[in-house]
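Letters A, B, ... mirror the listed sequences (proteins, then strands); counts begin at 1. If you're wondering where the values come from, they're calculated on a predicted model, not measured in any experiment.
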There are 2 protein chains.
Amino acid sequence: MSAEQTKDRILHAAQELFAEKGFPATSLREITQRAGVNLAAVNYHFGSKDGLLEALVRHCIEPINAARMRMLEEAEDAAQGAPLPLDRIIRIFLEPALRQLTDCDAKMPCILSRMHHEPHPGLEALMADLLTPIIRRFVAAVQRTLPERTPSEIILHGHFMIGAMLHLLDAQPSMLHTMSEGAIDVNDNDYLLDQLVSFCSAGFQHA
Amino acid sequence: MSAEQTKDRILHAAQELFAEKGFPATSLREITQRAGVNLAAVNYHFGSKDGLLEALVRHCIEPINAARMRMLEEAEDAAQGAPLPLDRIIRIFLEPALRQLTDCDAKMPCILSRMHHEPHPGLEALMADLLTPIIRRFVAAVQRTLPERTPSEIILHGHFMIGAMLHLLDAQPSMLHTMSEGAIDVNDNDYLLDQLVSFCSAGFQHA
DNA sequence: TCCAGTTTAAAACAATCGTTTGAATCAAAC
DNA sequence: GTTTGATTCAAACGATTGTTTTAAACTGGA
């Protein structure tokens with residue numbers, strides 16, 4: 001097995017287990033067993049368990065943020081300087097994250113929410129580093145659409161939006177399913193995305 | 001020291017440490033040391049570390065839910081059968097939770113968010129048991145105000161609202177503070193509550 | 001074929017974990 | 001003052017943790 005294959009299998013197993021049980025409750029033996037590699041491979045390839053976590057965070061977040069940046073730039077280019085509709089901006093922010101639910105192995109709780117809520121030393125700073133440029137970019141876009149809003153208001157509303165998104169991504173679809181007595185199709189990600197975009201768009205524009 | 005004092009000190013120390021570092025990463029030795037009690041006291045009074053977690057969850061959640069129930073019933077009684085304004089319902093749901101931020105020791109990350117996101121076996125079911133009656137009660141109240149909404153829609157919007165609330169309660173005020181370059185006063189809980197209520201009220205009423 | 005560098009394998013490391021034990025201590029009832 | 005039950009204490013238990021070590025297996029270029 002090549003080195004890249006080994007690293008990928010470790011990352012994949014770690015993503016599943018961290019999402020399912022959290023970082024401290026997951027042992028390296030569990031990860032390497034599921035990945036089918038030797039225990040020492042984690043320390044060899046990633047230096048430490050903490051190193052694996054940081055690599056996993058980057059591995060999961062960076063593609064999402066890259067997609068957000070690309071889609072926002074394409075939309076702004078196409079608009080030729082005109083402000084984008086608010087729901088368009090919000091959808092561009094939310095869709096790459098929610099798409100994880102569709103692309104990932106079925107039923108896997110999403111690692112993205114776990115990364116935001118895992119209280120690990122240094123992780124919050126790393127997440128802030130990865131998210132700050134994206135947030136600034138989207139705040140600027142919203143400000144062009146809602147010029148009467150202050151940046152602080154937009155940031156606070158974005159905070160609410162991210163919270164709603166993370167909670168939807170979290171391992172709680174069962175809660176939604178049981179509470180609605182099966183009426184909500186938790187696998188219909190297009191519907192969930194539409195509803196979330198509408199909810200947040202209205203929230204941003206509140207009187 | 002009486003037995004009740006011992007249990008309270010353990011609960012208090014556990015609340016701080018679980019909120020700060022999460023459940024699996026917090027050792028009983030750390031808790032008992034901070035509480036100033038003997039290590040064996042946890043197993044004596046709560047049976048096990050898991051038993052302590054369950055007791056803490058009930059200790060933290062039940063007062064909030066009791067306040068929600070009481071305030072909603074008082075408001076409905078005063079309205080004499082008329083539907084309550086939406087923002088009134090939402091404020092009654094959010095305020096008892098956000099008040100924790102004011103009442104708790106300053107700067108303490110809120111345990112409420114951690115409890116929702118800690119992936120511990122059995123904890124999700126316990127949280128569902130504690131929250132289900134409250135949610136059903138509030139869904140019924142909202143449905144009287146927004147009769148054109150289906151229960152499923154209200155539940156989904158409530159899900160978004162809870163996500164926004166938990167993210168605000170989470171240990172991320174520093175993120176808000178730095179992103180807004182200090183313009184957002186993260187200690188002004190009245191302002192944060194007002195904004196969250198407005199955001200969610202608009203979200204519930206979206207076209 | 002040989003060799004240098006890389007990756008894996010199994011075992012052992014010290015440290016820490018939750019839990020249990022049994023004696024010591026406490027408070028109150030008789 | 002003695003007894004009884006509840007509570008606290010220090011110590012130790014076995015198990016598991018992340019990490020390191022040593023040798024074996026593999027890799028691709030001369």
Side-chain angles (χ1 to χ4, degrees), chain A residues 1-59 111 114-115 118-124 126, chain B residues 1-59 111 114-115 118-124 126:
Chain A
M1 194 186 328
S2 79
E4 278 311 309
Q5 272 182 332
T6 300
K7 293 179 73 169
D8 282 347
R9 294 176 66 165
I10 291 173
L11 282 172
H12 187 257
Q15 177 172 352
E16 287 183 359
L17 287 166
F18 287 169
E20 186 181 333
K21 314 172 44 172
F23 178 72
T26 301
S27 71
L28 293 182
R29 286 165 177 81
E30 222 173 343
I31 295 171
T32 52
Q33 190 170 341
R34 179 174 296 203
V37 303
N38 187 265
L39 169 62
V42 171
N43 284 279
Y44 179 80
H45 285 289
F46 298 99
S48 66
K49 194 187 178 187
D50 281 8
L52 170 59
L53 177 62
E54 179 172 337
L56 181 60
V57 168
R58 295 187 181 279
H59 178 79
I111 189 72
R114 176 73 6 92
M115 285 168 177
E118 188 75 70
H120 191 73
L123 184 58
E124 192 177 344
L126 175 58
Chain B
M1 191 187 333
S2 79
E4 277 311 309
Q5 273 181 332
T6 301
K7 292 177 73 169
D8 282 348
R9 295 176 64 166
I10 291 173
L11 282 172
H12 188 257
Q15 178 173 351
E16 288 183 1
L17 288 165
F18 288 169
E20 186 181 330
K21 314 171 45 174
F23 178 72
T26 303
S27 71
L28 293 182
R29 285 164 178 83
E30 220 172 345
I31 295 171
T32 52
Q33 189 170 342
R34 178 173 297 203
V37 303
N38 187 267
L39 167 61
V42 171
N43 285 278
Y44 178 79
H45 285 288
F46 299 99
S48 65
K49 193 187 180 188
D50 281 8
L52 170 60
L53 178 61
E54 179 173 338
L56 181 61
V57 168
R58 295 187 181 279
H59 178 80
I111 188 72
R114 178 71 8 88
M115 285 167 176
E118 188 75 70
H120 190 74
L123 183 58
E124 191 177 345
L126 174 60

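- Taking E30(A) as the reference, K21(A) meet the side chain to side chain donor-acceptor pair (under 3.5 Å) condition, with sequence neighbours excluded.
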Step by step, work out the side-chain contact (heavy atoms from CB on, under 4.5 Å) result for F46(B) and L56(B). CA-CA 10 Å; F46(B) 299 99; L56(B) 181 61; over 6 Å; no

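- Atom CZ of R114(A) and atom CD of E118(B) lie 8.0 Å apart (nearest 0.5 Å).
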Steps toward side-chain contact (heavy atoms from CB on, under 4.5 Å) verdict (L126(A), R58(A)): CA-CA 9 Å; L126(A) 175 58; R58(A) 295 187 181 279; 3.4 Å; yes

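- When distances run from any side-chain atom of H45(B) to the nucleotides dT7(C), dC9(D), dT7(D), the shortest one goes to dT7(D).
- A distance of 10.5 Å separates CG in L52(A) from NZ in K7(A), rounded to the nearest 0.5 Å.
- For the pair Q33(B) CD and dC17(C) P, the interatomic distance rounds to 11 Å; values are reported in whole Å.
- Distance check, rounded to the nearest 0.5 Å: CD1 of I10(A) to CD of Q5(A) gives 12.0 Å.
- Within the structure, a side-chain polar atom (N or O) of T6(B) is placed less than 4.0 Å from OP1 or OP2 of dT8(D).
- Rounded to an integer number of Å, the gap from CD1 of I10(A) to C1' of dA9(C) is 14 Å.
- Note: CG (D8(B)) to P (dT7(D)) measures 14 Å, nearest angstrom.
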Just the atom pairs and distances: protein N or O near nucleotides 22-26 of chain C's N or O, under 3.5 Å.
none

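- Between the NE2 atom of H45(A) and the OG1 atom of T6(A) there is a distance of 4.5 Å, given to the nearest 0.5 Å.
- Straight-line distance from the OH atom of Y44(B) to the C1' atom of dT8(D): 9 Å, rounded to whole Å.
- With rounding to the nearest 0.5 Å, the separation of NE2 in H120(A) from CG in D50(A) is 3.5 Å.
- Atom CD1 in I111(A) sits 10.5 Å away from atom CD in E20(A) (nearest 0.5 Å).
- In this structure, N38(A) places its CG atom 8 Å from P of dT8(C), rounding to the nearest Å.
- The CG atom of D50(B) sits 12 Å away from the C1' atom of dT19(C) (whole-angstrom rounding).
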Please write out each protein N/O paired with an N/O of nucleotides 16-18 of chain D under 3.5 Å, distance rounded to 0.1 Å.
| from | atom 1 | to | atom 2 | distance (Å) |
| --- | --- | --- | --- | --- |
| dG18(D) | OP1 | T26(A) | O | 3.4 |
| dG18(D) | OP1 | K49(A) | NZ | 2.8 |
| dG18(D) | OP2 | L28(A) | N | 3.0 |
| dG18(D) | N7 | R29(A) | NH1 | 2.9 |
| dG18(D) | O6 | R29(A) | NH2 | 2.9 |

